[in-house]
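To start, the structure under review is shown below, and the notes come after it.
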Amino acid sequence: DVVMTQSPLSLPVTLGQPASISCRSSQGLVHSDGNTYLNWFQQRPGRSPRRLIYNVSNRDSGVPDRFSGSGSGTDFTLKISRVEAEDVGVYYCMQGTHWPLTFGGGTKVEIK
Amino acid sequence: QITLKESGPTLVKPTQTLTLTCTFSGFSLTTSGVGVGWIRQPPGKALEWLALTYGNDDKRYSPSLKTRLTITKDTSKNQVVLTMTNMDPVDTATYYCAHKRFEGSSWYYFDYWGQGTLVTVSS
């Protein structure tokens with residue numbers, strides 16, 4: 001199985017400051033079809049996960065542009081340019097390139 | 001507008017079989033380019049993918065749970081059913097179903113999720 005390792009586990013951030021979450025995969029995530037199926041999900045407290053970013057760097061409709069995804073190979077990053085109160089929650093990366101599908105362990109973003 | 005909703009028992013006893021239903025709308029599960037997956041989340045823990053079925057009846061399972069899982073679809077009812085045998089307290093979790101699709105030249109994973117259903121395994 002492809003292991004997805006996220007860091008940090010917890011990320012206290014001051015409102016208005018940037019935040020960065022790392023996700024590393026144990027294998028490269030380029031699919032044979034040429035796509036890299038690395039997704040980022042946000043889970044606010046008590047809510048279902050919501051996809052923010054698909055295929056490394058594509059923002060979903062309605063996702064604020066302060067969220068951005070980047071990376072390649074085995075190293076990926078989710079950045080929030082200026083954290084707002086509504087960004088509190090747990091963030092997960094997920095790879096869809098190799099079976100079985102696997103999620104990272106999550107990064108909890110909280111306000112300092 | 002795509003929606004999904006999970007339903008099933010909130011409490012099952014150890015060794016029993018769990019049956020969960022995902023009822024969806026806004027898409028049809030009749031082609032190879034559309035799928036519905038199940039993902040679970042134990043309280044306070046991370047997400048874990050379980051199974052996925054496509055409109056062409058292709059199915060994928062988590063290898064660690066494959067012997068206990070069965071995923072089926074009923075296209076006439078717009079439903080996907082997940083059964084998990086031999087339930088154990090460690091299977092206590094919120095179970096989600098989610099939509100997957102193929103468009104253009106790419107797959108799009110889990111762009112829509114249900115609200116989740118909490119299943120507790122206890123005697």
Side-chain angles (χ1 to χ4, degrees), chain A residues 1-10 21 23 29-63 69 76 89-108 110, chain B residues 1-7 22 24 32-33 35-54 58-69 71 93-118:
Chain A
D1 297 5
V2 177
V3 177
M4 305 297 286
T5 303
Q6 285 183 235
S7 61
L9 259 60
S10 176
I21 300 171
C23 175
L29 297 185
V30 179
H31 193 274
S32 57
D33 66 11
N35 294 299
T36 300
Y37 294 115
L38 187 284
N39 301 272
W40 288 97
F41 296 88
Q42 174 195 60
Q43 188 174 32
R44 291 171 170 152
R47 304 292 298 273
S48 299
R50 165 201 182 195
R51 196 181 68 186
L52 298 177
I53 302 285
Y54 62 92
N55 297 8
V56 181
S57 59
N58 297 277
R59 232 179 355 259
D60 271 280
S61 174
V63 174
F76 304 92
V90 182
Y91 293 77
Y92 295 95
C93 59
M94 186 212 88
Q95 68 82 20
T97 297
H98 304 284
W99 297 102
L101 309 180
T102 47
F103 289 87
T107 294
K108 185 174 185 178
E110 56 186 11
Chain B
Q1 180 193 358
I2 289 176
T3 66
L4 305 98
K5 187 174 183 179
E6 306 85 353
S7 59
C22 175
F24 58 85
S32 60
V36 171
W38 285 93
I39 301 103
R40 71 178 178 179
Q41 185 175 38
K45 295 189 177 180
L47 300 164
E48 178 187 19
W49 171 72
L50 303 176
L52 203 152
T53 187
Y54 296 92
D58 185 20
K59 299 169 188 180
R60 299 279 186 162
Y61 293 98
S62 169
S64 62
L65 292 165
K66 184 180 172 77
T67 59
R68 299 174 53 205
L69 295 174
I71 189 169
T94 296
Y95 288 76
Y96 298 98
C97 59
H99 171 262
K100 177 187 177 184
R101 65 182 169 91
F102 185 87
E103 189 173 311
S105 60
S106 177
W107 285 100
Y108 298 91
Y109 280 90
F110 305 152
D111 46 359
Y112 296 91
W113 293 63
Q115 64 190 25
T117 185
L118 175 61

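The structure displayed is predicted, hence computed values, not measured ones. Sequence lines set the chain letters: A, B, ... in the order given, protein chains first and strands last, and positions in each chain run from 1.
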**Fill in**
When rounded to the nearest 0.5 Å, the distance separating CH2 of B/Trp113 from CZ of A/Arg51 is 10.5 Å

**Item:** Portion of B/Lys100 that has a non-hydrogen atom of chain A nearer than 4.5 angstrom
**Value:** side chain

**Item:** Residue B/Leu52 versus chain A: region with a heavy atom under 4.5 Å
**Value:** side chain

**Asked** chain B heavy atoms under 4.5 Å from A/Asn58: which part of the residue, side chain, backbone, both or neither?
**Response** neither

**Request:** For each of A/Trp99, A/Tyr92, A/Tyr54, tally heavy-atom pairs with chain B at distances under 4.5 Å, and name the one with the top tally.
**Result:** A/Trp99

**Request:** Determine the interplanar angle of the A/Phe103 and A/Phe41 rings, folded into 0 to 90°, and report it as parallel if under 30°, tilted if 30 to 60°, perpendicular if over 60°.
**Result:** tilted

**Item:** Top of A/Asp33, A/Asp1, A/Asn55 for chain B proximity - count of heavy-atom pairs under 4.5 angstrom
**Value:** A/Asn55

**side chain to side chain donor-acceptor pair (under 3.5 Å) involving B/Arg68 - partner list, sequence neighbours excluded** = B/Asp91

**Prompt:** Taking every heavy-atom pair that is under 4.5 Å apart, which of A/Asp60, A/Leu101, A/Thr102 has the most such pairs with chain B?
**Reply:** A/Leu101

**Request:** Go through the steps for A/Ile53 and A/Arg59 under the test side-chain contact (heavy atoms from CB on, under 4.5 Å), then give the verdict.
**Result:** CA-CA 5 Å; A/Ile53 302 285; A/Arg59 232 179 355 259; 3.7 Å; yes

**Item:** Which atom of A/Gly104 lies closest to which atom of B/Ala46, heavy atoms considered
**Value:** O-CB, 3.9 Å

**Request:** Look at A/Gly106, A/Pro49, A/Gly96, A/Ser48 and state which one has the largest set of heavy-atom pairs under 4.5 Å with chain B.
**Result:** A/Pro49

**Message:** Going by the rule side chain to side chain donor-acceptor pair (under 3.5 Å), which residues pair with B/Glu48 if we only count those two or more places apart in sequence or in a different chain?
**Reply:** B/Arg40

**Prompt:** Does any heavy atom of chain A fall under 4.5 Å from the side chain of B/Tyr108, the backbone, both, or neither of them?
**Reply:** both

